[in-house]
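Structure first, commentary second.
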Amino acid sequence: MKLSTKLLLSFVLCAFITLAVGTLGINGVSRLATALDSAFSNNLVSVSNTNATLNGLVAHNRGLYRLLDASRGDISSQDRDRVRQDIANELKRSQTAYATYRATPLEDDERAAGDTLDQVWAKYVTSSEQIISLIDAGHADQARTLLNSSNNELFRQSRELLKIIVDSNNRQIKEGSAEAD
């Protein structure tokens, strides 16, 4: 074989190797971009929203106890109204964050926990409204009993279901990180 043919074949082989390495590199970058997109658009949004949901739920529950405490009469009506408004704002904030979270792609375990949470949370909200009505009607003892019994249990169930969802999101983030590596 002539030297020029050998050189030409060598350059073609080098070009083919460069093309193969480039194709593999582009494929790897594309997979990494997909993993990062999933992490930022799904996982981090989910973590942020489940955190906001949990914080709002806890703040709402604390607000019920503050409102019960304020019902003794030694707190101004302005302060009681502010506590009521805080309770409503925290519930709305947590429900908005939760709705945003539920709109993201979900794994089976978090979807199942979310489906159960939907049912438990509805009962918690209804129970909370009953407590507020009892307080407004001057039945603080009945409100206290309801708050410390069934409402507290519904709050705990909601909190535990949110923890399952948070754990699922943390697991997904670790899996995405391992995949990105």
Side-chain angles (χ1 to χ4, degrees), residues 37-73 75 77-178:
D37 181 53
S38 175
F40 286 111
S41 64
N42 296 335
N43 297 16
L44 293 179
V45 168
S46 293
V47 167
S48 173
N49 285 313
T50 52
N51 184 50
T53 301
L54 183 57
N55 288 340
L57 179 68
V58 169
H60 178 270
N61 189 259
R62 284 184 183 156
L64 291 174
Y65 282 97
R66 286 190 353 248
L67 185 61
L68 182 63
D69 185 51
S71 71
R72 288 186 285 157
I75 305 294
S77 63
Q78 239 181 352
D79 287 339
R80 284 193 299 271
D81 290 342
R82 184 184 48 77
V83 170
R84 274 190 184 84
Q85 188 61 46
D86 288 347
I87 290 170
N89 289 343
E90 290 300 336
L91 181 62
K92 183 178 180 180
R93 183 173 70 98
S94 61
Q95 287 174 326
T96 300
Y98 182 68
T100 302
Y101 156 74
R102 288 289 278 182
T104 61
L106 305 173
E107 293 286 322
D108 291 339
D109 58 341
E110 62 183 319
R111 184 178 303 105
D115 291 345
T116 304
L117 179 59
D118 291 343
Q119 296 168 5
V120 172
W121 199 342
K123 292 176 187 175
Y124 170 77
V125 170
T126 300
S127 175
S128 297
E129 290 168 352
Q130 289 173 341
I131 290 166
I132 293 170
S133 294
L134 286 169
I135 291 170
D136 290 344
H139 303 293
D141 288 338
Q142 290 174 333
R144 182 177 292 105
T145 300
L146 181 59
L147 181 58
N148 288 313
S149 59
S150 60
N151 184 271
N152 190 286
E153 180 56 32
L154 291 167
F155 168 74
R156 286 179 180 197
Q157 289 175 12
S158 297
R159 189 178 61 198
E160 290 306 312
L161 289 164
L162 281 167
K163 287 181 180 179
I164 290 170
I165 291 169
V166 167
D167 289 345
S168 175
N169 283 305
N170 288 336
R171 176 187 46 79
Q172 291 172 53
I173 288 170
K174 287 179 184 174
E175 290 171 355
S177 175

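Minimum interatomic distance between Ser158 and Leu57 (heavy atoms only, all atoms of both residues): CB-CD2, 3.6 Å. Of all non-hydrogen atoms in Gln95 and Val125, the two that sit nearest each other are NE2-CG2, 4.0 Å. Ala97 and Asn49 make their closest contact through O-CB, 3.3 Å (heavy atoms, listed as atom of the first residue, atom of the second, distance). For the residue pair Asp86 and Arg66, the shortest heavy atom distance occurs at OD2-NH2, 3.3 Å.
Separating the CG atom in Leu54 from the CG atom in Leu161 is a distance of 11.5 Å, to the nearest 0.5 Å. The CD atom of Gln157 sits 9.5 Å away from the CD atom of Glu160 when rounded to the nearest 0.5 Å. Atom OG of Ser94 sits about 4.0 Å away from atom CH2 of Trp121, to the nearest 0.5 Å. In this structure, the separation between CG on Asn51 and CG on Asn169 is 11.0 Å, given to the nearest 0.5 Å. Note: Ile131 CD1 to Thr145 OG1 = 10.0 Å, rounded to the nearest 0.5 Å. Distance check: Ile132 CD1 to Ser71 OG gives 12.0 Å after rounding to the nearest 0.5 Å.
Comment: Arg93 engages Glu90 in a salt bridge, judged by a side-chain N to carboxylate O separation of less than 4.0 angstrom. Salt bridge absent: Lys163 and Asp167 never bring a charged side-chain N and a carboxylate O closer than 4.0 Å.
Side-chain contact check for Gln85 and Asn89: at least one donor-acceptor pair (N or O, by modelled atom type) lies under 3.5 Å. In summary, the side chains of Arg144 and Asn148 do not present any donor paired with an acceptor at a separation below 3.5 Å, with no hydrogens or angles considered.
With a 4.5 Å cut-off on side-chain heavy atoms, Leu91 and Ile87 do not count as touching. Side-chain contact between Asn152 and Leu147 is absent, with no heavy atoms from C-beta onward closer than 4.5 Å.
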For residues 112-120, run the donor-acceptor check on the side chains, cut-off 3.5 Å, and write out each pair with its distance to 0.1 Å, sequence neighbours left out.
| unit_1 | atom_1 | unit_2 | atom_2 | d |
| --- | --- | --- | --- | --- |
| Asp115 | OD1 | Arg102 | NH2 | 2.6 |
| Thr116 | OG1 | Ala112 | O | 3.2 |
| Asp118 | OD1 | Tyr98 | OH | 2.8 |
| Asp118 | OD2 | Arg102 | NH2 | 3.2 |

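The environment of Arg111 atom CZ is dense: over 12 non-hydrogen atoms of other residues, nucleotides or ligands sit within 6.0 angstrom.
For Thr104 (side chain) and Thr100 (main-chain N/O), no donor-acceptor pair under 3.5 Å exists by modelled atom type.
For Glu107, the side chain to side chain contact (heavy atoms under 4.5 Å, CB included) test picks out Asp109, Glu110, Ser168, Arg171, Gln172, with sequence neighbours left out.
Proximity of the aromatic rings of Tyr124 and His60 is defined here by a centroid distance below 6.0 angstrom, and this criterion is met.
Each of Asn61, Leu67, Asp69 was evaluated against Tyr65; a single residue qualifies, Asn61, per the side-chain contact (heavy atoms from CB on, under 4.5 Å) test.
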